[in-house]
**Q** 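Please find one structure pasted underneath; my questions will follow.
Counting convention: from 1, in listed order, for ligands and their atoms alike. Because the structure is predicted, anything quoted here is derived from the model rather than measured. Quick note: residue numbers are just sequence positions, from 1.
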Amino acid sequence: MSTLESILKETRSFPPSDEFRRKATVSGMEAYNTLCEEADDHYLSFWGDLAREMISWKKPFSRVFDDSNAPFFKWFDDGVLNVSHNCIDRHLPLNANKIALIFEADGGEVTRLTYAELYHRVCQFANGLKSLGIQKGDRVVIYMPMVVEAIVAMQACARIGAIHSVVFGGFSAGAVRDRIQDAGAVAVITANEGLRGGKTVPLKATVDEALALEGCDSVKNVIVYQRTNGGAHWVEGRDIWWHKLTEGQSEHCEPEWMNAEDPLFILYTSGSTGKPKGIQHSSAGYLLGAANSFRWVFDYKPNDVFWCTADVGWITGHSYVCYGPLANGATQVIFEGVPTYPDASRFWSMIEKHKVTTFYTAPTAIRSLIKLGADLPKQYDLSSLRLLGTVGEPINPEAWMWYYEVVGGGRCPIVDTWWQTETGSAMIAPLPGAVATKPGSCTLPLPGVIADIVDESGAPVEPGRGGFLVIKKPFPSLVRTIWGDADRFKKTYFPEEFNGQYYLAGDSANRDENGYFWIMGRIDDVLNVSGHRLGTMEIESALVANPLVAEAAVVGKPHDVKGEAVVAFVVLKGNRPEGDDAKKIATELKNWVAHEIGKIAQPDDIRFGENLPKTRSGKIMRRLLRSIAKGEEISQDVSTLENPHILSQLQQGV
Ligand code: PRX
């Protein structure tokens, strides 16, 4: 409720300037409303027309939508296309020499790649994959640093119809193993090492560690891009260097023609159980969502220099690095490093250097850069910028205002884009030449997105009241299923409570009197740490896997840079530790979680108790744990608590 009240006090509103509006693809509210009405009145032909306009089809579709097996919806399903062909080949007749990628390495070296060069690189690598026997439908795990080759690898998979599953380079061996196993991957594409912030990241060693674990027998080959001079342990017959694989391969590769509904990729994301969900996206519907939202939300112009700072390990790096911008023939910046290396002006100096027009990043990055140097942007010429964006979590109005004034010079609209791994593309976000923005609100749904906020019975709630964010009609870029778990897909996203009709996003939200959406947070046991989704159960399972730990409960607490931080309440098998002992074990457990899942999941705070607060029926009272984590006085009713004395133990920090 406190979040709800505070955001409702935000009354500032920023309409686009006349100049911005005049030049915009969707110009003015009338144009936006017309599109929304078109979508409302003729939903299927609205999407069908967009699919014909935005996608090059090898064979056109004759049917827009099929809901005969709801909620396993199909879009454009007798159409034939290839996503990589749409992202690269179709730009060659007119734009072969246009720059596709401006790559800036961790150390500052810059490489530019034209669409023709990208085409040749993708084709050679695709031919290399084929030479290993990899074919349509095979799953390939990509565990790469943020380099050009990561995009080449994804595009090459799309080209030959292999289903990629990118695993973020910060995940540990255990997480890599789980994903390989669940997807049944036949190959892993990695680099010997990555480079981030002047340090090397041992990617190949982590893959080796993962493959040495049980259950990875499906992997026949590991393809290793040589990013540094560091050596790599080698398994003969399994491992092959990227440069050897592509040597002598043809620079042309006929795309594998795919059905619209053939899976393009799987991307794992956290849910409320310990097991990550393999979010499976389609070829055509996903591409349409990524391409069209890129055009609308980022008001794409052919001369733009777009920069999305997301890693390809996340959905944002799929839709707004690898697919959306390329499908539009855009020029974009790819950055290997981190925003704070060599210092906290890296983003600003890169915007100046590459004359970036459109900059898209996460609130957590903005907050950390404010902390490290709120005046730094003023030392750079940021006048090339015309549009800013954020994604991943709600942005607090203070950070929004700083972004708007200091980075954007008060001239650039900010598109706060709400969406998810599951939705594949931006769902609620201002079309910047039309919709006035409000700091902290993702504003209004894109035309064709029928979003609403409902109560437990599925009835819409009054303005200002919180409720469940739902999308009431299926849309092309929606997740098709959870890989290997159709039942979980149905239960999670199209629950019985809403008659299986609405897509349940898993967020709570409210709408103000202008219909603007304000996202309040997750309704499930999912945390949002630095814009990354982490399941509390996943971290709990990792903790309990430690031989010292008997029981663990994980909650989030507000954090001024990360948004949310992980707090773990732990019961050890032996006695409750105190003093230096407690400190030592807490450090050990933090490192353990980093090793089991990845550094992003590491708890900031570990508290030890002889037990956890439970109801008489044995349920952990998470509500209470959340209050303790925040350092709040316990005002809740504790009469149902079996063991009230342990509250004081858990209130003590280590
Ligand atoms: O809680 C919402 C939050 O991030 C969740 C989706 O996480 P993920 O699948 O990892 O994708 C992140 C990048 C698209 C959502 O359920 N979220 C995402 N964008 C916003 C947001 N919360 C508030 N405002 C946003 N703009």
**Q** Do Trp314 and Phe168 have ring centres separated by under 6.0 Å?
**A**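 Centroid separation for Trp314 and Phe168: below 6.0 Å.
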
**Q** Around atom 1 (O) of ligand 1, find the nearest protein heavy atom and jot down its residue, atom name and distance.
**A**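 Result for atom 1 (O) of ligand 1: Asp507 OD1, 2.8 Å.
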
**Q** Heavy-atom distances under 4.0 Å decide this one: backbone, side chain, both or neither, for Gln420 against ligand 1?
**A**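 For Gln420, the contact with ligand 1 is made by both the backbone and the side chain.
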
**Q** Could you check atom 23 (C) of ligand 1 against the protein and tell me its nearest heavy-atom contact, residue, atom and distance included?
**A**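 Among all protein heavy atoms, the one nearest atom 23 (C) of ligand 1 is Pro394 N, 3.1 Å.
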
**Q** Looking only at protein heavy atoms, identify the closest one to atom 13 (C) of ligand 1 and say how far it is in Å.
**A**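 That would be Thr316 OG1, 3.4 Å.
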
**Q** Are Tyr268 and Phe171 an aromatic pair, judged by ring center distance below 6.0 Å?
**A**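 Here the rings of Tyr268 and Phe171 have centres that are no less than 6.0 Å from each other.
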
**Q** How about Phe468 and Tyr502: are their ring centroids closer than 6.0 Å?
**A**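 No, they do not, as the ring centres are separated by 6.0 Å or more.
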
**Q** Got a salt bridge between Arg511 and Asp452, using NZ or NE/NH1/NH2 to carboxylate O under 4.0 Å?
**A**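 Counted as a salt bridge, because a side-chain N and a carboxylate O are separated by less than 4.0 Å.
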
**Q** Return a yes/no value for Arg533: is any of its N or O atoms, backbone included, closer than 3.5 angstrom to an N or O of ligand 1?
**A**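 Checking ligand 1 against Arg533, an N or O pair does fall under 3.5 Å apart.
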
**Q** Find the distance between CD1 (Ile370) and CD (Glu398) and round it off to the nearest 0.5 Å.
**A**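 It is 9.0 Å, given to the nearest 0.5 Å.
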
**Q** Looking at ligand 1, does any of its N/O atoms fall within less than 3.5 Å of an N/O of Thr421?
**A**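 N/O-N/O distance under 3.5 Å: yes.
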
**Q** So if I count the atoms of ligand 1 from 1 in the order they appear, which ones are less than 4.0 Å from some heavy atom of Ile519?
**A**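 Heavy-atom distances to Ile519 below 4.0 Å select 22 (N), 23 (C).
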
**Q** For a side-chain contact (heavy atoms from CB on, under 4.5 Å) with Met144, tell me which candidate from Val166, Ile189, Asp311 qualifies.
**A**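 Of the listed residues Val166, Ile189, Asp311, the side-chain contact (heavy atoms from CB on, under 4.5 Å) partner of Met144 is Ile189.
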
**Q** Of Phe298, Trp307, Phe294, which is the lone residue that meets ring pair (Phe, Tyr, Trp, His ring centres under 6.0 Å) with Tyr360?
**A**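 Among Phe298, Trp307, Phe294, the one meeting ring pair (Phe, Tyr, Trp, His ring centres under 6.0 Å) with Tyr360 is Phe298.
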
**Q** May I ask you to identify, for His532, whether its side chain, its backbone, both or neither come under 4.0 Å of ligand 1 on a heavy-atom basis?
**A**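 Within the 4.0 Å criterion, His532 makes no contact with ligand 1.
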
**Q** How about Thr492 and Asp524: do any of their side-chain heavy atoms sit closer than 4.5 Å?
**A**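 No, their side chains stay 4.5 Å or more apart.
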
**Q** Looking at atom 19 (N) of ligand 1, what's its closest protein heavy atom, distance included?
**A**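 Answer for atom 19 (N) of ligand 1: Gly392 N, 3.1 Å.
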
**Q** Considering only heavy atoms from C-beta outward, does the side chain of Thr437 approach that of Tyr404 to under 4.5 Å?
**A**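 No, every pair of side-chain atoms sits at 4.5 Å or beyond.
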
**Q** Number the atoms of ligand 1 from 1 as they appear, then name those within less than 4.0 Å of a heavy atom of Asn528, with their elements.
**A**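 So the atoms of ligand 1 that pass are 3 (C), 4 (O).
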
**Q** Could you check atom 26 (N) of ligand 1 against the protein and tell me its nearest heavy-atom contact, residue, atom and distance included?
**A**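 So the nearest neighbour among protein heavy atoms is Asp416 OD1, 2.7 Å.
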
**Q** Hydrogens and angles aside, do Asp262 and Ser283 bring a side-chain donor and acceptor to less than 3.5 Å of each other?
**A**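 Per modelled atom types, Asp262 and Ser283 side chains form no pair under 3.5 Å.
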
**Q** Looking only at protein heavy atoms, which one is nearest to atom 20 (C) of ligand 1, and how far off is it?
**A**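 Closest protein heavy atom to atom 20 (C) of ligand 1: Glu393 N, 3.5 Å.
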
**Q** Which atoms of ligand 1 are found less than 4.0 Å from any heavy atom of Val391?
**A**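 In order of number, 13 (C), 14 (C).
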
**Q** Regarding atom 14 (C) of ligand 1: of the candidates Tyr320, Trp518, Trp418, Trp419, which has the closest heavy atom?
**A**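 The option holding the nearest heavy atom is Trp419.
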
**Q** If the cut-off is 4.0 Å to any non-hydrogen atom of Thr417, which atoms of ligand 1 fall inside it?
**A**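 Those atoms are 19 (N), 20 (C), 25 (C), 26 (N).
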
